[in-house]
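These notes concern the structure reproduced below.
Values below: all heavy atoms of this structure, side chains included; hydrogens, waters and symmetry mates excluded.
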Amino acid sequence: MSDSLLVWRHKSYINIMKYLFIFIGILLIAAFLFFIQVRYYAHISKALIEDTVKFTNESADTKKTLLVLGDSTAYGVGASKSEDSLPALVASFVGATYTENYSISGAKIEDIASQRKNIKRDKYDLILLQIGANNIVARDNVDESSKKLELILKDIQTLSGRVVLVTAGDVGGAPAIPFPFRSYYRNLTISYHEKFQALGDKLGVTYVNLYDEPEVDPFILQPEVYFAEDMFHPSSEGYKLWFAKVKKQL
């Protein structure tokens, strides 16, 4: 083998290693930035959760009763005040004189059974179930989640002839989600919506699809308006936008 060929191979090897190290360095920097982003927004979310007072109204007037179960979106995290949360807006619209709300931030579908144990009445005029976002974030299998939800819905249907089910909008559209993962979460969100819609149709549950295509989604077009400070939960304006969709089904 000639000396020139050896030199060429040596230089090629050095160049390959140089570009490999550069690529690895970029990946490490990107991973670090993603970590910082997630921690930053998670810290803000924690503060929002601690400051949120969920809407409830366990009055003596039980002419029109509402039961609320679910996650942080049913708790109203991100809203400026509890009256701006989706349960409060629904209660006002339907004229609920009595509202029990057992939602818990971070709840998943499988946690609804424990919330249900806290209820005080045998029957309710309306049940609002807001759940599924945390299952999407956790990348839970959509078929398994749907099976769990079916059992939950069949159970709470014994408490009311009217059940309204909502889940997240476009989880992948939340700025708190690192950019490389947004497409994955968007597709997973769509799969959840399709399964939940089919389940609602099967059981006679009112399912409200909060998903909009990215090019027309107000949350994506104006995130500073419709997302709360943590860029994950809806703001008061975001909940009002959701309510506009729910109202059409009430």
Side-chain angles (χ1 to χ4, degrees), residues 49 52-77 79 81-136 140 143-168 192-193 195-210 234 239 242-250:
I49 292 168
T52 300
V53 178
K54 69 180 174 183
F55 174 79
T56 186
N57 178 30
E58 297 183 29
S59 69
D61 186 352
T62 58
K63 289 195 297 291
K64 185 82 170 184
T65 56
L66 170 65
L67 173 64
V68 181
L69 304 170
D71 54 27
S72 58
T73 59
Y75 202 95
V77 174
K81 55 184 184 296
S82 62
E83 290 78 12
D84 291 341
S85 66
L86 187 56
L89 295 171
V90 169
S92 177
F93 181 76
V94 302
T97 58
Y98 176 94
T99 302
E100 292 176 36
N101 187 342
Y102 299 108
S103 59
I104 297 176
S105 182
K108 298 169 72 175
I109 293 168
E110 50 267 39
D111 298 316
I112 297 300
S114 62
Q115 294 182 25
R116 189 245 197 266
K117 295 177 182 177
N118 297 314
I119 66 171
K120 297 180 172 66
R121 300 178 59 81
D122 295 325
K123 292 291 182 179
Y124 296 86
D125 293 300
L126 176 66
I127 296 177
L128 175 64
L129 175 59
Q130 292 181 240
I131 201 68
N134 292 307
N135 294 86
I136 296 173
D140 291 343
D143 291 321
E144 291 301 318
S145 294
S146 182
K147 290 177 183 177
K148 293 176 183 177
L149 181 60
E150 182 171 2
L151 295 176
I152 293 294
L153 289 173
K154 287 180 177 178
D155 175 48
I156 64 175
Q157 280 185 302
T158 64
L159 302 172
S160 178
R162 188 72 191 278
V163 177
V164 175
L165 169 65
V166 298
T167 188
Y192 265 78
H193 281 303
K195 284 289 185 179
F196 285 11
Q197 182 66 69
L199 189 55
D201 294 341
K202 174 183 177 181
L203 299 180
V205 168
T206 300
Y207 179 64
V208 183
N209 191 335
L210 300 176
Y239 282 117
W242 280 7
F243 173 66
K245 290 191 174 186
V246 174
K247 182 170 65 173
K248 295 177 181 179
Q249 303 294 328
L250 292 174

**Message:** Going by the rule salt bridge (Lys or Arg N to Asp or Glu O under 4.0 Å), which residues pair with Asp201 if we only count those two or more places apart in sequence or in a different chain?
**Reply:**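 Checked Asp201 against salt bridge (Lys or Arg N to Asp or Glu O under 4.0 Å); zero matches.
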**Results of salt bridge (Lys or Arg N to Asp or Glu O under 4.0 Å) for Lys123 - residues two or more places apart only** =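 Here no residue qualifies.
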Under the side-chain contact (heavy atoms from CB on, under 4.5 Å) test, which residues partner [X], sequence neighbours left out?
X      : value
Ile136 : Val171, Tyr185, Leu188, Thr189, Tyr192
Asn134 : Asp71, Lys108
Asp122 : none

Can a donor-acceptor pair be found, under 3.5 Å and without considering hydrogens, that links the side chain of [X] to the backbone of [Y]?
X      : Y      : answer
Ser85  : Ser82  : yes
Ser72  : Gly106 : no
Ser160 : Tyr124 : yes

What's the separation between atom [atom1] in [X] and atom [atom2] in [Y], rounded to the nearest 0.5 Å?
X      : Y      : atom1 : atom2 : value
Tyr98  : Thr62  : OH    : OG1   : 8.0 Å
Leu199 : Leu149 : CG    : CG    : 5.0 Å
Ile156 : Leu129 : CD1   : CG    : 5.0 Å
Ser145 : Lys147 : OG    : NZ    : 11.0 Å
Leu69  : Ile152 : CG    : CD1   : 9.0 Å

**Item:** Positive for side chain to side chain donor-acceptor pair (under 3.5 Å) with Tyr102, one of Lys117, Gln115, Lys120, Lys54
**Value:**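 With Tyr102 as partner, Lys117, Gln115, Lys120, Lys54 yield a single side chain to side chain donor-acceptor pair (under 3.5 Å), made by Lys120.
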**Asked** Hey, mind stepping through Thr167 and Tyr207 against side-chain contact (heavy atoms from CB on, under 4.5 Å) and telling me if it holds?
**Response** CA-CA 9 Å; Thr167 188; Tyr207 179 64; 3.2 Å; yes
**Side-chain donor-acceptor contact under 3.5 Å, Gln130 with Thr73** =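 Yes, because at least one side-chain N or O of Gln130 sits under 3.5 Å from a partner of the opposite role on Thr73.
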**Prompt:** Would Ser103 and Asn101 count as having a side-chain donor-acceptor pair, cut-off 3.5 Å?
**Reply:**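 There is such a pair between these side chains.
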**Message:** One thing to verify: whether Asp125 and Arg162 come together as a salt bridge, which I'm taking to mean a side-chain N less than 4.0 angstrom from a carboxylate O.
**Reply:**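 Salt bridge flag = no for Asp125 with Arg162.
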**Request:** In sequence, state the C-alpha distance, the side-chain angles, and the governing distance for Asp84 and Tyr239, and then conclude on side-chain contact (heavy atoms from CB on, under 4.5 Å).
**Result:** CA-CA 7 Å; Asp84 291 341; Tyr239 282 117; 5.6 Å; no
**Inter- and intrachain pairs under salt bridge (charged side-chain N to carboxylate O under 4.0 Å, His left out), touching residues 152-161, at least two apart** =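 Counting only pairs at least two positions apart or across chains, the salt bridge (charged side-chain N to carboxylate O under 4.0 Å, His left out) contacts touching residues 152-161 are Arg116-Asp155, Glu150-Lys154.
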